[in-house]
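Nothing fancy with the numbering, it's 1 onward along the sequence.
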Amino acid sequence: MEYPKFRVWDETQHKMLQVDCIEFIDGKAYWVEASPADGNVQGGNDGPVGDNSQLKLEQYTGLKDANGDEIYEGDVVHGYDQEPDRDDGYIGSSVIEVVNFKWGSFCLGDFKNKIMVYTPPIIEVIGNVHENPELLEVQHG
C-alpha cells in the first residue's frame, strides 16, 4: 500500500522541509512538525498549516517526472509532447504550469481540462512556486 507523502514550505525560513508528523482535526491537516531534508537537526519547525500560516503543506502526486524526480503540489513543471530536439531547440507543443490539487485531482494550473492524467507525455520538474516564481512569469507574463 502506498502512503501519502508530503513536504512543507516554511515561509519564515524560506526553505523546503520534510514532514515528520501531521496532526488532523475534523479530517483537516491542522498541525505539522517538520525538519530539514538534509538531516540537519537545526532549522526544523512546527506549527499550524493552512492558507494564512507560515507552513505550506504540499502533497506528492504519486507521479515522477522524466528524470525520476517526484512531482509535488506547488512544483512548476514543463510539459511537452515529444522529446526535444536538442540541436535546433524544437520541442513541439509545450506548457509551463504549477501543479495544484483541485476538484479531487492534481491539475496543471487552474484548469479542469489539465488533469495530470491527461498531461503531456513528457513532464520535467523545473522548480517550485516558492523558490522559482519567475518560471511562471515566462508562461503567463
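Of all the heavy atoms in Leu17 and Ala34, the pair that sits closest is CB-CB, 3.7 Å. For Leu57 against Ala29, the heavy-atom pair with the smallest separation is CD2-CB, 3.8 Å. Closest approach of Phe106 and Gln59 over heavy atoms only: CE2-O, 4.0 Å. Between Ile122 and Ala66, the shortest heavy-atom contact is CG2-CB, 4.0 Å. Minimum heavy-atom separation, Ser35 to Asp20: OG-OD2, 3.0 Å.
Placement of Val125 and Val99 within a single hydrophobic cluster is found when ILVMFWY residues are connected by side-chain heavy-atom separations under 4.5 Å, directly or transitively. No single ILVMFWY cluster, assembled from side-chain heavy atoms under 4.5 Å apart, contains both Val8 and Met16. By the criterion of side-chain heavy atoms lying less than 4.5 angstrom apart, applied directly or through intervening Ile, Leu, Val, Met, Phe, Trp or Tyr residues, Leu108 is grouped together with Leu63 in one hydrophobic cluster. If you chain together hydrophobic residues whose side chains sit under 4.5 Å apart, Leu55 and Trp9 never meet in one group. Under the 4.5 Å side-chain heavy-atom criterion for Ile, Leu, Val, Met, Phe, Trp and Tyr, Ile25 and Ile22 are members of distinct hydrophobic clusters.
Remark: side-chain polar atoms of Asp65 are paired, donor with acceptor, to backbone N or O of Asn67 under 3.5 angstrom. Using modelled atom types, one side-chain atom of Asp10 and one backbone atom of Gln13 make a donor-acceptor pair closer than 3.5 Å. In this structure, the side chain of Lys56 engages the main chain of Ser53 through a donor-acceptor pair within 3.5 Å.
Of the inter-residue distances, the one linking Glu97 atom CD with Asp75 atom CG reads 13.0 Å to the nearest 0.5 angstrom. The line from CD1 of Ile96 to CD1 of Ile126 is 4.5 Å long, rounded to the nearest 0.5 Å. With rounding to the nearest 0.5 Å, the separation of CG in Asn100 from CD in Glu58 is 10.0 Å.
Between Asn128 and Arg7, some side-chain heavy-atom pair lies under the 4.5 Å cut-off. Counting only heavy atoms from C-beta outward, the side chains of Asp46 and Glu23 never approach each other to under 4.5 Å. Between His14 and His130 the shortest side-chain heavy-atom distance does not fall below 4.5 Å.
Atom NZ of Lys64 is surrounded by 12 or fewer heavy atoms from other residues, nucleotides or ligands within 6.0 Å. Within a 6.0 Å sphere centred on CZ of Phe101, heavy atoms belonging to other residues, nucleotides or ligands number more than 12.
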Item to check | Audit row: Glu73, Phe6, side chain to side chain contact (heavy atoms under 4.5 Å, CB included) steps and yes/no | outcome: CA-CA 9 Å; Glu73 213 178 333; Phe6 296 89; 5.9 Å; no

